[in-house]
Amino acid sequence: MDAKVRVRFAPSPTGGLHLGGVRTVLFNYLFAKHNNGEFILRIEDTDQTRFVSGAEQYIQDTLAWCGLVPDESPLHGGPYGPYRQSERKAMYKEYADKLIEQGNAYYAFDTPEDLDAKRKEIPNFQYSLTHRMGMKNSLSLSKEVVDELLKNNTPYVIRIKVPENEEVSLEDVIRGHVSFDTNMVDDKVLLKADGMPTYHLAVVVDDHLMKITHAFRGEEWLPSAPVHVLLWKYLFGLDKMPKWAHLPLILKPDGNGKLSKRDGERLGFPVFAMDWFDPNTNNTTIGFKERGFLPEAFVNLLAMLGWNDGTDKEMYTMDELIAGFSLDRVHKGGAKFDYEKAKWFNAEWIKKMDNDKLAGLVQPFFDKEGIEVHDPAYLVKVIGLVKERCHLLPDFITQSSFYFKAPTEIDTSSIAPKWDAKKSDFFKALAKIYSSKIASGIITEPAVELEAAFKELVAKHELKAGELMLPFRIMLVGSKFGPGVFEIVEAIALKNTIERIEYSLQLLS
RNA sequence: GGAGCGUUCGACUAAGGGUUAGGUCACCUCCCUUUCACGGAGGUAAUACGGGUUCGAAUCCCGUACGCUCUACCA
């Protein structure tokens with residue numbers, strides 16, 4: 001019987017989580033849940049120099065927003081902790097020592113300056129069998145010298161000793177058989193001079209200790225996979241190694257190459273899941289959440305970048321994704337990110353979502369804009385009226401602010417050219433009728449009745465409705481958009497309607 | 001330079017030897033709408049190239065081109 005499925009997402013806390021990262025989390029999560037397995041978050045904070053405070057919290061917050069909550073993590077705990085690699089430092093040394101004992105790793109005393117010099121001196125320098133005997137390490141130096149260096153606390157790193165003339169291969173779940181000639185792979189550093197492991201040692205040790213069954217990561221890791229396979233072979237046995245799946249990259253929309261934060265800034269769309277404030281630069285990078293994306297839409301669109309179920313279906317809930325997900329339908333090739341399509345997904349999700357729920361999400365955007373909502377029920381109603389013309393949550397501001405306050409800008413230039421005294425008289429009469437209704441206690445009326453009354457008055461003034469609808473709309477909305485004119489009147493009520501007519505009349509006179 | 005991976009409309013993708021190569025976004029046209037959207041109906045548009053294998057290839061094989069990733073005491 002197969003062991004319980006356990007997968008992990010292992011980011012380093014160096015900044016905001018970008019699209020590719022979240023998609024990796026998503027696939028991990030979907031695979032785990034599809035197989036009744038567990039999803040673990042492990043923080044790879046072994047690089048002290050790149051650590052950014054707040055980044056780990058940000059990652060947890062992002063996963064929570066997306067609904068991709070881990071079963072085990074630094075925050076949630078779990079039986080295989082600690083879940084921060086910096087807190088597991090001692091464990092790695094043990095395995096590095098074991099490798100040395102086995103003869104599969106060695107001490108290297110070259111300083112970073114030595115290495116720089118070598119790389120300059122020898123084009124395409126590789127720390128591997130071709131050059132390692134010319135370097136300063138426990139393979140090239142005598143035992144006495146090495147012992148002496150160690151005794152004097154000379155800084156050293158531990159490197160893997162990659163074997164000669166072997167083929168290392170793995171069965172990637174997505175790519176199939178992938179193989180490498182060991183003569184082409186170099187002796188990667190396993191343990192750094194500060195005693196911290198590099199990624200290479202840490203993934204293998206932690207995946208083993210945390211009983212990971214399937215290891216997903218971006219395609220950019222494929223070239224270093226042979227090192228990991230070798231490590232598994234030396235340390236725990238190939239039969240214990242998790243199944244690898246190297247996910248396709250998410251590419252920039254124009255040209256080629258991996259999507260970067262820079263592309264988002266250049267092209268005007270978010271790349272991070274949520275706003276990321278970098279404490280080192282004091283800069284905030286915009287996120288999908290703050291741009292007004294729904295988490296449901298964000299997850300949905302990410303899932304469609306590199307996976308599909310073989311049908312034409314594009315709209316998926318998380319549960320549907322979990323039910324339908326399978327690795328053999330994940331693509332090999334990268335997918336270019338298309339912001340227009342992303343917005344389309346969001347628009348579809350806005351249309352699908354309950355007005356009540358939407359109201360709660362729109363409210364913060366209104367608050368920020370200073371639009372006051374006195375009656376929550378009114379907001380819900382308005383949202384229902386305008387939701388189908390909104391792609392992003394902030395669109396609700398432009399699409400519905402006139403329901404809450406009179407428009408500040410009136411597009412009189414669209415009225416003025418065809419404006420005359422007859423039309424002016426008409427609107428004065430209309431306002432008068434509305435006033436008298438208010439006087440008799442009527443606050444508002446159904447749109448159909450308003451329209452009928454309007455047309456009656458139009459006929460009386462010997463005008464055409466078509467000439468008056470647009471001016472009326474602009475008086476109410478400020479511009480040429482929005483739901484039906486009389487639906488708007490019904491919603492904002494007679495009193496506001498009169499005020500807006502009168503204000504516009506003033507501007508036009 | 002080396003190694004690895006990849007390549008279907010502009011973009012995301014379907015078709016796992018037999019379809020007029022399908023769907024969605026974007027774009028265009030029309031309808032609906034006395035506005036803008038939504039919705040509906042159409043349209044433009046693709047198998048990188050060259051060889052095989054086969055009755056038959058987007059699909060299998062080989063080569064070429066192009067692209068990407070990696071080539072750090074970063075992940």
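In what follows, every chain begins at residue 1, and chains take the letters A, B, ... in the order their sequences are listed. As the structure is a computational prediction, the values presented were derived from the model and not from experiment.
- Rounded to a whole Å, the CG atom of A:Asp395 is 14 Å from the C1' atom of B:C38.
- Distance A:His228 NE2 to B:G4 P: 16 Å, rounded to the nearest Å.
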With 3.5 Å as the limit, what N/O pairs link the protein to nucleotides 62-70 of chain B?
{"from": "B:U69", "atom 1": "OP1", "to": "A:Lys258", "atom 2": "N", "distance (Å)": "3.4"}
{"from": "B:U69", "atom 1": "O2'", "to": "A:Glu220", "atom 2": "O", "distance (Å)": "3.4"}

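- Contact annotation: A:His331 side-chain N/O to B:A14 OP1/OP2 distance is under 4.0 Å.
- Under the rule for a side chain to side chain donor-acceptor pair (under 3.5 Å), A:Thr198 has no partner lying at least two apart in sequence or in another chain.
- Atom-to-atom, CZ of A:Arg329 to C1' of B:G16 comes out at 9 Å; the value is rounded to the nearest Å.
- Taking 4.0 angstrom as the limit, A:Arg159 places a side-chain polar atom (N or O) nearer than this to OP1 or OP2 of B:C73.
- In this view, A:Lys464 and A:Glu467 satisfy the side chain to side chain contact (heavy atoms under 4.5 Å, CB included) rule, not counting sequence neighbours.
- Of the residues in residues 117-134 of chain A, those with a non-hydrogen atom less than 4.0 angstrom from any atom of RNA chain B are A:Arg119, A:Asn124.
- Of the residues in residues 105-114 of chain A, those placing a heavy atom less than 4.0 Å from an atom of RNA chain B are A:Asp110, A:Thr111, A:Pro112, in numerical order.
- Atom CD in A:Glu388 sits about 13 Å away from atom C1' in B:C32, given to the nearest Å.
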*Quick one, give me the B/S/- string for nucleotides 18-27 of chain B, reading 5' to 3', where B means a protein heavy atom under 4.0 Å from the base and S means that only happens at the primed atoms, P, OP1 or OP2.*
----BSBS--
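- Annotation: side chain of A:Trp244 is in contact with side chain of A:Arg217 (closest heavy-atom distance under 4.5 Å).
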